[in-house]
Amino acid sequence: EVTLGTGGRREGDRWWRGCILAELWTGELLFQTHDEVEHLALMERLLGTLPRRMLKAVTTRRLERAIRHGELRWPDRAADRESEAHVRSQPRLRDAVERGSCEPAERPQLARLTGLVRELLEFKPELRLSAADALHHPFIAEHGIFGHAPGNGVNGNGVSNNGAGANGAHLPHSPPMGPLNAPVPA
């Protein structure tokens with residue numbers, strides 16, 4: 001919504017949570033660009049085609065020229081060949097999340113993480129996973145992160161049902177593991 005100039009802050013915040021989660025896991029920016037048109041092309045490469053209604057609602061002049069009939073004009077509107085190559089090198093979401101860590105035992109965990117990130121990076125804001133729903137996602141519940149013991153929920157005050165604060169005041173029962181298989185410190 002921010003890139004397109006079409007949306008509200010809350011929906012954008014939910015999108016950026018997905019970006020940050022993927023970046024924390026992989027150690028790399030999900031969308032490495034400062035160019036708006038290239039950014040949209042990277043998003044399509046990673047997640048699929050942007051919805052026509054979103055593209056038709058664009059409000060910025062530069063992007064209006066890059067969109068025709070509700071479709072991104074890529075690579076027609078690429079800044080240069082380097083930009084085209086950069087977009088082609090963008091991995092799909094699953095590949096981006098699994099980069100650097102794909103032991104057979106980790107595949108189910110990575111599939112759940114990819115699912116969580118995908119639900120946060122939903123193009124349509126009304127379908128995007130809320131923060132409250134994300135706390136109950138299988139990946140979060142499995143690892144007991146954000147102060148929640150595996151299988152426990154959160155009450156309306158942001159305090160987990162097991163008594164720990166939402167800031168994770170204690171080590172979870174099953175610490176989340178990063179790509180280097182090192183526990184995340186409390």
Side-chain angles (χ1 to χ4, degrees), residues 1-104 106-131 133-134 137 139-140 176-180:
E1 292 79 39
V2 173
T3 303
L4 294 172
T6 62
R9 180 169 164 77
R10 183 174 33 212
E11 292 85 2
D13 286 349
R14 288 188 281 162
W15 172 272
W16 291 115
R17 286 181 191 121
C19 292
I20 291 167
L21 183 59
E23 291 164 9
L24 287 171
W25 186 264
T26 65
E28 297 179 22
L29 288 174
L30 200 52
F31 303 109
Q32 296 185 31
T33 187
H34 293 288
D35 180 85
E36 293 172 325
V37 177
E38 184 178 271
H39 192 173
L40 294 177
L42 288 167
M43 289 165 55
E44 283 196 337
R45 174 87 177 151
L46 185 82
L47 302 164
T49 305
L50 285 154
R52 283 179 172 241
R53 71 170 174 81
M54 288 182 77
L55 291 174
K56 287 182 176 182
V58 163
T59 60
T60 65
R61 281 244 191 264
R62 173 142 167 31
L63 288 179
E64 283 176 350
R65 290 190 303 270
I67 296 166
R68 178 173 289 152
H69 306 297
E71 292 183 7
L72 183 63
R73 295 173 61 198
W74 186 267
D76 304 359
R77 293 295 181 190
D80 51 35
R81 289 184 193 268
E82 186 177 308
S83 178
E84 288 181 54
H86 177 59
V87 170
R88 275 194 308 274
S89 72
Q90 173 77 28
R92 303 287 188 229
L93 180 61
R94 190 182 111 218
D95 297 330
V97 170
E98 291 182 3
R99 188 180 326 164
S101 177
C102 204
E103 295 292 324
E106 294 176 341
R107 289 181 200 269
Q109 163 180 280
L110 291 172
R112 286 185 287 280
L113 173 61
T114 301
L116 173 59
V117 172
R118 180 65 188 104
E119 289 182 62
L120 291 166
L121 295 180
E122 167 60 48
F123 286 135
K124 297 176 182 175
E126 66 275 11
L127 300 178
R128 201 169 294 148
L129 193 65
S130 71
D133 290 338
H137 189 278
F139 180 81
I140 301 293
M177 304 303 267
L180 301 177

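All heavy atoms count here, side chains included; hydrogens, waters and symmetry mates do not.
His86 places a side-chain N or O within 3.5 Å of a backbone atom of Gln32 that can act as its donor or acceptor partner. Between the Arg73 side chain and the Arg65 main chain, a donor and an acceptor come within less than 3.5 Å of each other. Although no hydrogens or angles enter the test, the distance criterion places a donor-acceptor pair under 3.5 Å between the side chain of Glu23 and the main chain of Leu30.
Between Trp25 and Phe139, the ring planes are perpendicular. Angles over 60° get that label, and only those under 30° would be called parallel.
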Would you tabulate the side-chain donor-acceptor contacts of residues 114-121 under 3.5 Å, counting partners in other chains and residues two or more places apart, or write 'none'?
unit_1	atom_1	unit_2	atom_2	d
Thr114	OG1	Leu110	O	2.8
Arg118	NH1	Leu121	O	3.0
Glu119	OE2	His137	NE2	3.4

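Annotation for Arg68: atom CZ does not count as buried by contact number, only 12 or fewer foreign heavy atoms lying within 6.0 Å.
In this model, a donor atom of one side chain and an acceptor atom of the other lie less than 3.5 Å apart for Asp133 and Ser130. Side-chain N/O atoms of Glu38 and Thr33 include a donor and acceptor closer than 3.5 Å.
Judged as a side chain to side chain donor-acceptor pair (under 3.5 Å), and not counting sequence neighbours, Asp95 has no contacts. For the salt bridge (charged side-chain N to carboxylate O under 4.0 Å, His left out) test, residues two or more places apart in sequence or in another chain that qualify with Arg112 are Glu142.
Separation of atoms CZ (Arg62) and CZ (Arg77) is listed at 9.0 Å; rounding is to 0.5 Å.
Listed here is the closest heavy atom pair of Pro125 and Arg53: CD-NH2, 4.4 Å.
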